[in-house]
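Computed from a predicted model, the values in this text were never measured in an experiment. Any value given below was found using the heavy atoms of this structure, including those in side chains, with hydrogens, waters and symmetry copies removed.
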Amino acid sequence: MASKSSARLAALTVAAVCSAASTVVLTSPAHADSVRVHDIQGSTRLSPYAGKQVTDVAGIVTGVRGYGNSRGFWIQDQKPDADPATSEGVFVFTGSTPKGVAVGDAVTVSGTVSEYVPGGTSSGNQSLTEITRPTFTVVSSGNAVPAATTVSARTVPRAYAPEGDEAGNGSVNGLPLRPARYALDHYESLEGMNVRVADARVVGASDPYTELWVTVKPWENANRRGGTVYGSYDSQNTGRLQIQSLGKPADFPDANVGDTLAGTTAGPLDYNQYGGYTLVASEIGVLESGDLERESTRRQSSRELAVATYNVENLDPSDGTFAAHAEAIVHNLASPDIVSLEEIQDNNGATDDGTVAADATVGKLIDAIVAAGGPRYHWRGIDPVDGEDGGQPGGNIRQAFLFNPERVSFTDRGSGDAATATGVTKVRGKAALTHSPGRVDPANTAWEDSRKPLAGEFVFRGRTVLVIANHFNSKGGDQSLSAQYQPPSRGSETQRHLQAKAVNTFVKDVLSTQKNADVIALGDINDFEFSRTTRILEDDGALWSAVKSLPRSERYSYVYQGNSQVLDQILVSPSIRWGGRLSYDSVHVNAEFHDQISDHDPQVLRFRP
C-alpha cells in the first residue's frame, strides 16, 4: 500500500447511475453471491450473470475513461482461472466521469451485469459485457497493473470467425469461445483485459477521432505501400486491430499507412460501434515514419485517351480543399482528358434551402485547376431534384464531367433534365445518346434516394466514346466484419445489384446498336471488384472492371478499418478491353494519409480508341 493513498483507504465508496439505453438484459434480475471477473465473462460472448446483481467483484483498475458516451473504468482480476476462453477484465460503466478511482487501485465493485450493444441491437454488433449501476470500494492504491497480454501473429488464429448458429439467426453469441481457432473468439477472450502490441505497422491512417489501425501480422495480404489488402470475403485480415487513446487527443500520433508504432502500445481491450475490438491505449509506441509518398501517374501520350474518376467528398464552395484537389488533378493525375467527379454538392453545400445548381462549385474547381497549371476544363452535368439523390441533407450531391476541350469534344444532344432518361439511337451507323448529357433510367426505383448515372458522349481523334458516371448506393447499414452475425449481412447490396443491372442493361442497348462501341462506366461503385455488384455490371461480357488488370496487391482505392479495398472502378466495353493498349492506375493520394482531402483515391484509365 502506497503512503500517498492512505487518506483514500477509509473504504471510499462511490456510486454512479447509468442509462439503460442500448443495454440488452438477457435474464430477469436476481441476486448473486460475490463472483470473480472470469465468472462474469464466462466462456461465451454473453455473460451467464447478465441481468443479475453481483457484489464485491475484485480487480485492479487498468484504465479510466472520462470522456465520450461510455465513461467508466476497467478492472482486471489478479487471480486468473485456467480457462483461456474466460476474460479476466471487465468494464465498469459509471455513465459520468469516474471520481475517486485511479489506475492501480485495487477495488471491489457491486452492480448489475449487462450486455451493452454499441450502436444498438439493430446494428448487429457484438455486445460488451459491463457492470452497470456500480458502487465500488477502493481497497488499496498504487498497485502494479496486471501485465499486458501480448496480441501477436503467434497468438491470433488464421481463421476469422466461426459460422453463426442457424438456430440463432446466424449469431455466434451462444457458441463456446474457441480462442485458439478463431480470431474474433481470441479477441473476445481478452475483452476488458490489459493487452499490448509491439512494433505494429499502421494499416489505417489516423483520423480526426484519434483512431488508427495496425496489424500484428505484417505479411498478411500486404501491399508494397504498407497496407493490408482486402481481396475476398474470406480474407478478413485477422491481424487488424483498432487503436484509440486514453490520453489527450493532441498526443495521438498523425500516422499514415506504412508507419510503425515502435515499441509497446498497451491498454484495455474494448469493443465499439465503429471498429469492433479496440485497444484503448494508455501507452502508445513511438511513431516511426514509413515515408509514404503520394503517387503520380504518367501523362497520357498524344494518341491515348485518359479517363479518370475522382470522389471529391462533398465538395462545396465553402470548402478549403479546392487548391489541393486541383493539385491532385493536375500533378498526381496528370490532367486527364475526362474526369468523372462524384460528390459535387450544390452552390451552398449542406444549407437546405432548395438550391440545386452546382455551377459555382464546379467553376471554383476549374479555376483552381488553371491556377495549378492545368487546362481550363469545360464541364457538363444535370442538376438533381432537391433532396432526391441521397447524401448529406441539403447538399444534393451529383456526378459531373470535366473535359479538356483541347483534347476532347463533347457532343451536346438534347440535354436532359433530372427526370428525363437518355436512350440509345443510331447516327451514321454508330451508337449515340438521345440526350447528352443525360441520365440513365432515372425513374427506375433502383435509384431511390441515390445518385442517378450521368451519361455523356465524347469524341477523341474522331472516335466516339460513351461515358457513364456512377455513384452507387453506399454500404451504410451493413453489418461489420466483427458483427455477432457470421457471416455478416450486407443488406445495402440489394439496391446496388438493382443499380448494376440498370447500367448493364443500358450498356447492352449500346452494344446491340454498335457491337464495337467504346463504352466506359466508372465512378464510386461502393463495392468490391470481386462482388456480385461488379459481376452484374459485367454480365454477358458487356463490361469488365479494369482494376483487375492490376496485380491483386495493387487493387484498392479506399481504406476502411485497416482493409485496403476497391470501391472506385472503371469498367470498359469489349472493344476497349481487347484493344491491347489499356493502361490502368489506382493513384494513391488520399486513402492512406491522415491529412487526406477525400477518403477515396482517384482511378485513371488510358487507352487508344
Side-chain angles (χ1 to χ4, degrees), residues 221 223 229-235 297 305-311 333 336 338-340 342 399 440 446 451 453-455 465-475 490 492-493 495-508 510-511 517-560 563-588 591 600-607 609:
N221 294 312
N223 64 44
V229 175
Y230 184 62
S232 77
Y233 292 124
D234 297 320
S235 61
T297 196
L305 178 67
V307 183
T309 175
Y310 188 16
N311 184 321
L333 304 187
I338 302 170
V339 183
S340 168
E342 296 87 50
Q399 300 86 266
V440 175
R451 284 67 56 185
L454 176 70
V465 181
L466 303 181
V467 183
I468 307 165
N470 301 277
H471 186 182
F472 282 9
N473 180 49
S474 80
K475 289 182 173 293
R490 300 184 297 271
S492 69
E493 286 182 339
Q495 187 171 6
R496 285 195 299 280
H497 293 168
L498 295 174
Q499 293 173 341
K501 177 65 175 175
V503 173
N504 176 266
T505 298
F506 183 80
V507 173
K508 286 177 179 176
V510 174
L511 298 180
D518 290 338
V519 185
I520 298 173
L522 77 175
D524 181 358
I525 303 302
N526 263 318
D527 224 333
F528 316 120
E529 81 280 14
F530 53 81
S531 67
R532 188 181 171 205
T533 301
T534 300
R535 293 199 304 272
I536 294 171
L537 279 166
E538 296 177 323
D539 185 59
D540 286 340
L543 292 168
W544 176 69
S545 180
V547 72
K548 292 188 288 189
S549 66
L550 298 177
R552 290 183 183 274
S553 63
E554 299 287 327
R555 300 176 192 174
Y556 63 96
S557 67
Y558 193 84
V559 180
Y560 181 67
N563 275 328
S564 297
Q565 56 196 251
V566 167
L567 291 187
D568 307 84
Q569 301 188 47
I570 302 177
L571 300 100
V572 299
S573 62
S575 64
I576 299 175
R577 179 184 182 184
W578 302 116
R581 294 179 292 272
L582 180 149
S583 171
Y584 192 93
D585 199 356
S586 181
V587 187
H588 303 305
H600 292 255
D601 286 332
Q603 315 289 290
V604 177
L605 172 79
R606 293 174 291 264
F607 71 104

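Between Leu466 and Phe506, the closest side-chain pair of non-hydrogen atoms is not below 4.5 Å. Residues Asn526 and His471 meet the side-chain proximity criterion, which asks for heavy atoms closer than 4.5 Å. Residues Val229 and Arg552 form no side-chain contact, since every pair of their non-hydrogen atoms from C-beta on lies 4.5 Å or further apart. In this structure, Glu493 and Asn473 have side chains that are not in contact, with every pair of non-hydrogen atoms separated by 4.5 Å or more. In this structure, Ile570 and Val307 have side chains that are not in contact, with every pair of non-hydrogen atoms separated by 4.5 Å or more. Side-chain contact check for Leu537 versus Ile525: some heavy-atom pair is nearer than 4.5 Å. Counting heavy atoms from C-beta outward, Arg490 and Arg532 have side chains that stay 4.5 Å or more apart.
Here the closest heavy-atom approach between residue Phe530 and residue Arg535 is recorded as O-NH1, 3.3 Å. Contact between Leu543 and Ser573 at its shortest, heavy atoms only, is CD2-N, 3.9 Å.
In this structure, CG in Asp524 is found 9.5 Å from OG in Ser340, a value given to the nearest 0.5 Å. Between atom OG of residue Ser586 and atom CG of residue Leu605 there is a gap of 12.5 Å, rounded to the nearest 0.5 Å.
Residues satisfying the side chain to side chain donor-acceptor pair (under 3.5 Å) criterion with Glu529, sequence neighbours excluded, are absent altogether. For Ser564, the side chain to side chain donor-acceptor pair (under 3.5 Å) criterion is met by no residue, not counting sequence neighbours.
Between the side chain of Asn504 and the backbone N or O of Asp539 there is at least one donor-acceptor pair closer than 3.5 Å. Panel note: side chain Ser557, backbone His600; no donor-acceptor pair is recorded below 3.5 Å. Checked by atom type and distance alone, the side chain of Asn470 pairs as donor or acceptor with a backbone atom of Leu522 at under 3.5 Å. Between the side chain of Gln495 and the backbone N or O of Phe472 there is no donor-acceptor pair closer than 3.5 Å.
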Using distance only, find each side-chain donor-acceptor pair of residues 576-585 under 3.5 Å and give its atom names and separation, not counting sequence neighbours.
from, atom 1, to, atom 2, distance (Å)
Ser583, OG, Arg606, NH2, 3.2
Tyr584, OH, Gln603, OE1, 3.0
Asp585, OD2, Thr297, OG1, 2.8

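Ring geometry for Phe528 against Tyr233 counts as perpendicular: the plane angle is over 60°, on a 0 to 90° scale with 30° as the lower cut.
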Q) Can you check side-chain hydrogen bond (donor to acceptor under 3.5 Å, both in side chains) on Thr309 and Glu342, steps first, answer last? A) CA-CA 8 Å; Thr309 175; Glu342 296 87 50; 3.0 Å; yes
